[in-house]
Amino acid sequence: MGRASDEGLKRAHFKEVRLPVLLLVPQLGILLLFFFIPSLRALTQAFLLSDPFGNTVQFAGLQNFTELLASESYRNSIQVTVVFTLAQNALTLASALVLAFASDRIIRGKGLYKAIILLPYAIAPVIAGILWAFLFNPAVGPLAQLLHRAGIAWDPNRSGTDAMVLVVLAASWKHICYNYIFLLAGLLAIPSSLLEAAAVDGAKPLRRFFTIGLPLLGPTLFFLAVMNFVYGFFEVFAIIDAVTKGGPAGATNVLVYKVFTDGFVNLDLGSSAAQSVILMAFALLMTLLQFRYVERNVNYDV
Amino acid sequence: MNQGDIVMKLARRTLALGAAALLALNALPAAAAEPVQVQWWHAMSGVLGERVDELTKKFNASQQKYVVVATYKGNYDELINGTIAAYRAKRAPQLVQIYERGFMTMLLSDATLPVQDLLTQRNYQVDWNDFVRPVAGFYSYKGKLMAMPFNSSSPILWYNKTHFEKAGFAKPGETWQELEKQLYTIKQKGISACGSVLAGDYHWSLIENYSAINDLPYATKANGYKGLDTEFVYNKTLVVQQVARVKKWIDDGVMEIAGQGLSPEQLFTSGKCSTYFASTAAHSGIERNARIDWSATYLPWEQGKTPKNSTIGGAALWVLKGGKPAEYDGAAAFLAYLAKPETQVWWHKVTGYVPLTDKAYQMAKIEGYYKDHPTREIAILQLGRGTPTDNSLGFHFGNFTQTMFAQREEFDAMVAGKKTPQAAMDAAVARGNDVLRQYEKLNKGKY
């Protein structure tokens, strides 16, 4: 797949060196300031034991890393992160898919339907988090009361599982619309001739979806899965902070939230830096694995 | 335009510039007479933030030489992070408000100037021995006050008078055993939905202050006062029984956890829960919001014990290195102003924090302030109860926040039923000791 586009790129190269460099400078400058320098500092900090004010610094070697790997709470955090991202990914993709498929079948009020689905994306994560926390608060939340009346002992303040369910719900709710837009576009791009032919052959909508729609959505689904992983790893800080603060007993303490609490609340900069290095490596690895193994099963040809 | 004109124009412009420069030079002495600005970063939001602004306004109006500029920098965590960043960038303010748990971090940071030295060098007459003992004790190192106590509080027991009266009790019992019976009675009679509500800072009121009041060792080396090689030992004291009791209350529906999205104080002020173990600083909020008949009393103690003093929470003002001498003169003037009994009484009345000196307390008492506001005196009397022991003077732990978080996590695990109270406290102590050892390693020989 790559060959033809590579040649295309080569053919379109600039004859002069100065202009492209000049055009690249602003972007590289931003990357340097906001990515490379901070990353480098995190990397060096990860090998130091230091007082937060920076007046006492000792070289710690790999101590920050070995301590992390030996710590039960860090291993718990890894486990929590994996469960959280997988659950969030599955729930988001499945709901977005259903919604996208359904919007194809809706005739009246299509605009309104889409608007309602897209709304959560416009809500600030903290607000969304507080909203969910309040709705499901065992003492005053209306939805929690419903659950209690149904005989479910719902209490995210004490039960780690309930807390996890709550943050997965909140995080997915916030991200469904992002998935929805891409899936809707993907569905619209499916040639209608294929679907019509199947319809003529007597395939029902569900059948058409599973045998034609879903396989053709492969590239979109793959892209979204990667994006959802990135979202689950890095962008759920505000929601976790507003809904559970990583509790109870670390049950929702995902890696990115732990980096924050250890670094900015506990002021343990060395450990926090080591964690962010590991997190970066972990995210890279996950993405690579996905490209290596999942992408094999994705068919880009329509 | 010919050349002559241009030359003329240039000459005129140069003259004008020169004149302006001369004027500016003349203006210099005037600029020097301008008041010196002292930057103060704080974490007081809402009503408390307004009080801080009033305070600086009062100080600025009281003299002409200095202007204290107070800036709100977010909550305590955000503030200490902002301070660290500013210090590293060499743009630190002269005064900064840091929570009590940050004492050791600030003390051994090499970034601060001891407050007592700063004021003594400038000949301010402050009666250092007049400071309330647990307050001065917390912020002192080798007998010297290192930071100026600013907003100090202590936890007390808030209660709903109507609930207690309905259950046939005049007031909450003095000991945990009596109080427990009362709360269970209130629950059984269906007077309230919950006997108590767990405060956000329960580790402070129900564990740390519990240890101090009952004179139990929290850690070796006089709770860290006598060395960095201190080790937590609260897993071997009545604390285990105390957290087991709290868990039992929660299990039996006698105590409620407010959780995220809801403030525990609301559950008390709305009349849903009958008691609330929280800071005396909650006065401003409770006085404003409570639609119930409330009162407050001392924190309970264990049956058969003679209760000791409680310890403080809140924050102190630290002086950071890196400023100009004139700025430190201003900072010292402001801190001396803060220490004045009149300022103390005013601050005490408008915020609910305790007065820091005995003189200030006596002044408020003579005024008859506590006749109208009896609950405002509880924290002061509780802080001044008996002579502080090694167990009740306060806590000097490096990375105290981090050890506290470990403790809270283990407490949560216990409440969730994942660990027994003993196992949870053992784990909290073990994790806390790891943190203390790391701090000791980094700061060896500095304390």
Donor-acceptor under 3.5 Å (B:Q438 side chain, A:L49 main chain): no
Interface moiety of A:A60 toward chain B, non-hydrogen atoms closer than 4.5 Å: neither
Choice from B:R408, B:K419, B:K272, B:K441 maximising heavy atom contacts with chain A below 4.5 Å: B:K441
Residues B:Y87, A:N55; criterion side-chain hydrogen bond (donor to acceptor under 3.5 Å, both in side chains); working and verdict: CA-CA 10 Å; B:Y87 177 81; A:N55 288 333; 3.1 Å; yes
Main-chain N/O of A:A249 paired with B:D412 side-chain donor or acceptor, under 3.5 Å: yes
Atom CZ of A:R75 with >12 non-hydrogen neighbours under 6.0 angstrom: yes
Over all atoms of both residues, closest heavy-atom pair of B:L262 and A:A139: CD2-CB, 4.1 Å
Leading residue by heavy atom contact count with chain A [cutoff under 4.5 Å; candidates B:R88, B:E409, B:R101, B:M414]: B:R88
Nearest heavy-atom neighbours spanning A:L267 and B:T105: CD1-CG2, 4.3 Å
A:D268 and B:N399: CA distance, side-chain angles, deciding distance, side chain to side chain contact (heavy atoms under 4.5 Å, CB included) verdict: CA-CA 8 Å; A:D268 188 353; B:N399 295 333; over 6 Å; no
Which portion of A:L166 sits near chain B, non-hydrogen atoms under 4.5 angstrom: neither
Sole candidate of B:I80, B:N81, B:I84 that passes side chain to side chain contact (heavy atoms under 4.5 Å, CB included) when paired with A:F264: B:N81
Salt bridge A:R158-B:D251, side-chain N to carboxylate O under 4.0 Å: yes
Max heavy-atom pair count under 4.5 Å with chain B, selected residue of A:L135, A:T244, A:D155: A:T244
Heavy-atom proximity to chain B below 4.5 Å, by part of A:T56: both
B:E78 atom CD, neighbour heavy-atom count above 12 within 6.0 Å: yes
Contacting region of A:N137 [heavy-atom separation from chain B under 4.5 Å]: side chain
Part of B:A258 lying under 4.5 Å from any heavy atom of chain A: backbone
Closest non-hydrogen atom pair, A:V265 against B:D77: CG1-OD2, 3.8 Å
Region of A:N76 that comes under 4.5 Å of a non-hydrogen atom in chain B: neither
Intermediate values then yes/no, side chain to side chain contact (heavy atoms under 4.5 Å, CB included), A:F53 and B:M106: CA-CA 9 Å; A:F53 282 85; B:M106 298 303 287; 3.6 Å; yes
Pairwise distance OG(A:S271) to CD(B:Q402) - rounded to 0.5 angstrom: 7.5 Å
Contact origin within A:S71 toward chain B - heavy atom pairs under 4.5 Å: neither
Straight-line distance of A:S73 OG to B:R431 CZ, nearest 0.5 Å: 4.5 Å
Chain B contact via A:N253 - which portion, at a heavy-atom distance below 4.5 Å: side chain
Interface residue of largest heavy-atom contact number with chain B, from A:V243, A:I130, A:V57, A:V140, under 4.5 Å: A:V243
